[in-house]
Q: 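This is the structure I want to talk about, given as structure tokens.
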Amino acid sequence: MHWFRKGLRIHDNPALIEALADCRYIYPVFCIDPHFACPDRVGVNRYSFLLECLHDLDQNLRTLGTRLYVIKGKPELEIPRFIRDHDVDLLTFERDTEPYATKRDSSIRDELVSSPSKGRKTVVVSSHCSHTIHDPEQYLSLCGGNIPRTYQSFIKLFEQASAPRIDLPPPTGDMVPDMSAADGCNSSYDVPALDEVGYAGFAPSRKYIGGETEALERLRRFVTAKERASWVRGFEKPSTSPNSIDPSTTVLSPYLKFGCLSVTKFYNELEKIVRGHEHSKPPVSLHGQLLWREFFYFSSYVTPNFDRMIGNPQCKQISWDRDAAIVRAWEMGQTGYPFIDAIMNQLRTEGWIHHLARHAVACFLTRGDLWQHWEEGVRVFDIYLLDDDWALNNANWQWLSASNFFYQYFRVYSPIAFGKKTDPTGEFIRKWVPQLATFPAKYIYDPWNAPLGIQRSSNCIIGTDYPLPIVDHDTASKTNMGKMKTAYQMQSSAAAEEVPRSTTAAKRRKADPVAPADGIEKKVNLTAFFKKSKS
DNA sequence: TTGGGAGTTGTTCAA
DNA sequence: GTTGAACAACTCCCA
């Protein structure tokens, strides 16, 4: 049995290949987990995208002579049940390092390992790391407990790691056994419809279609097609537009999130395109984007409580507000800043927004303007993003709120000026904030400054048809900068007081309150921590 | 130990 | 239109 969770593909799937080797029957299984099938936590667009991935996977598996067996319920109960019912003796899956997944998987592993004691046959459990280029454990052992906190130092670690794997081709039909004796025609294992999994009455956008077939086609269209080579070689993320009507980047992130596209394959394809040519470099290149993903996965793996401020030793402790009405106004595109509202409307509607658009709205919600907790931003992005990824979402919110990784809190995005650079006439705003569709370009980023006559002739009275600004940006951002300064100072002095023995110890403690002063001890401590967290 | 340099992607204004 | 300084000054890394 191969259990699909992420990694919803047949290409470059080492765990699937292992399951297929010398098997009498093969059961490719996906379990609909009620933890995720929940509109409050996973928006309809992402769930619909997932079901499309499953349909595509089912089709691809049928071409090989088997199918996808979709079961429903808590995996901790349903996976062992399926294994018993189908007399499975080998379970394979792709390793998942998120806390929810590690807990789930170790519980299932424990249950299966204890099978003999319950009078059942032994089940071998085998997992493979293929969601990231390298196993985070490899980085951990290479760095010897000296965890990189910056992208550049992570790159050095990446360069010390083994060469990325050669990505595996999809299995062929002759690797799949005759499944006619298995219950492959049982329709109770079919991919369910949205309304069967708690999304009755929800209408997905379907702007981006899920699945491996679509992922590989998109990779071809945007990356590997001959005519794309110069674009790929010249790619620099900061010079792509956050507010173009058509996405200015590849939008492969949702496919990486679900593993419809292997990150290793993506990396190797990029290598082929840039090798022997002049090309952009990390951090801004396309390669660089995959290395950011790698860096944040590793950071999330080695940092306790990575999805929280409290208990997260790398995270600045800041007294953010939590005002439900303010967060809600931001979420629903009602801040009165058209650039911010347009982005949030695009997010809720289509599930994908440009990386720099994420920067703008995240800065606005936290240290820039509204002073709301970054965890609230994580929660909202968790609902709406197609590419929502636990490690990346939490890392980026910490970055943008200047809580971790990035500390130049005095660099604040302007909700008025930033978007003008790439869209001076406000076409993006006209599309996503239709009340402002006929507003003159001069005022479209700050419509409250338009004379009443212009508001009237544009059929949009600010304060009536579209909100007044929720805060004054100039005032709020200056006030917040002061709060950041105070928060940073308090953290420094608290750290210095905590360990007055030496400046080095104090500095280290400040950076990592749970770490012992000595590097070797730190390594031992980390190892102990991982053992503990795995168990 | 310490000081300087670098840091994915800020803004504004003057030259 | 482009470039560089000022804004006020952060942390991490490494020599």
Q: Report the distance from atom NZ of A:Lys237 to atom CG of A:Leu356, rounding to the nearest 0.5 Å.
A: 7.5 Å
Q: Side-chain N or O of A:Tyr488 less than 4.0 angstrom from OP1 or OP2 on C:dT11?
A: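 No, outside the criterion.
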Q: Is it true that A:Glu94 and A:Arg9 make a salt bridge, defined as a side-chain N closer than 4.0 Å to a carboxylate O?
A: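 Judged by the 4.0 Å cut-off on N to carboxylate O distance, A:Glu94 and A:Arg9 do form a salt bridge.
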Q: Is the aromatic ring of A:Trp292 within stacking range of B:dT8, meaning centres under 5.5 angstrom and planes under 30 degrees?
A: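 So yes, this residue stacks on that base, both cut-offs being met.
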Q: Measure from the side-chain heavy atoms of A:Ser153 and tell me the nearest of C:dT11, B:dT8, C:dC13.
A: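 Minimum distance to the A:Ser153 side chain belongs to C:dC13.
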Q: Given B:dG7, is OP1 or OP2 found less than 4.0 Å from the side-chain N or O atoms of A:Thr150?
A: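 Checking B:dG7 against A:Thr150, no side-chain N or O comes under 4.0 Å of OP1 or OP2.
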Q: What is the distance, to the nearest angstrom, from the NZ atom on A:Lys483 to the P atom on C:dA9?
A: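 Distance, rounded to whole Å: 17 Å.
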Q: Is the distance from OP1 or OP2 of C:dT11 to the nearest side-chain N or O of A:Lys316 less than 4.0 Å?
A: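 So the side chain of A:Lys316 is within the cut-off, an N or O lying under 4.0 Å from OP1 or OP2 of C:dT11.
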Q: Select base, sugar-phosphate, or nothing to describe what A:Phe418 touches, counting heavy atoms under 4.0 Å on all strands.
A: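 Counting heavy atoms under 4.0 Å across all strands, the contact made by A:Phe418 is with sugar-phosphate only.
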Q: The side chain of A:Phe410 lies closest to which of these nucleotides: C:dC12, B:dT9, C:dA9?
A: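 Per side-chain heavy atoms of A:Phe410, the pick is C:dA9.
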Q: Which dot-bracket string fits DNA chain B when only Watson-Crick or G-U wobble pairs with both atom distances under 3.5 Å count, crossing pairs get [ ], and | stands for a partner on a different strand?
A: .||||||..||||||
Q: Are any of the side-chain heavy atoms of A:Phe405 and A:Ser299 separated by less than 4.5 Å?
A: yes
Q: Out of C:dA9, C:dC13, C:dT11, which nucleotide sits closest to the side chain of A:Tyr409?
A: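 Within the option list, the nearest is C:dA9.
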Q: Pick from A:Tyr139, A:Trp292, A:Phe158: which one makes a ring pair (Phe, Tyr, Trp, His ring centres under 6.0 Å) with A:Phe298?
A: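 For A:Phe298, the ring pair (Phe, Tyr, Trp, His ring centres under 6.0 Å) test succeeds with only one of A:Tyr139, A:Trp292, A:Phe158, which is A:Tyr139.
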Q: Reckon A:Gln152 touches a base, only the sugar-phosphate, or nothing at all at heavy-atom distances under 4.0 Å?
A: sugar-phosphate
Q: Using OP1 and OP2 only, check whether a side-chain N or O of A:Lys156 sits under 4.0 Å from C:dC14.
A: yes
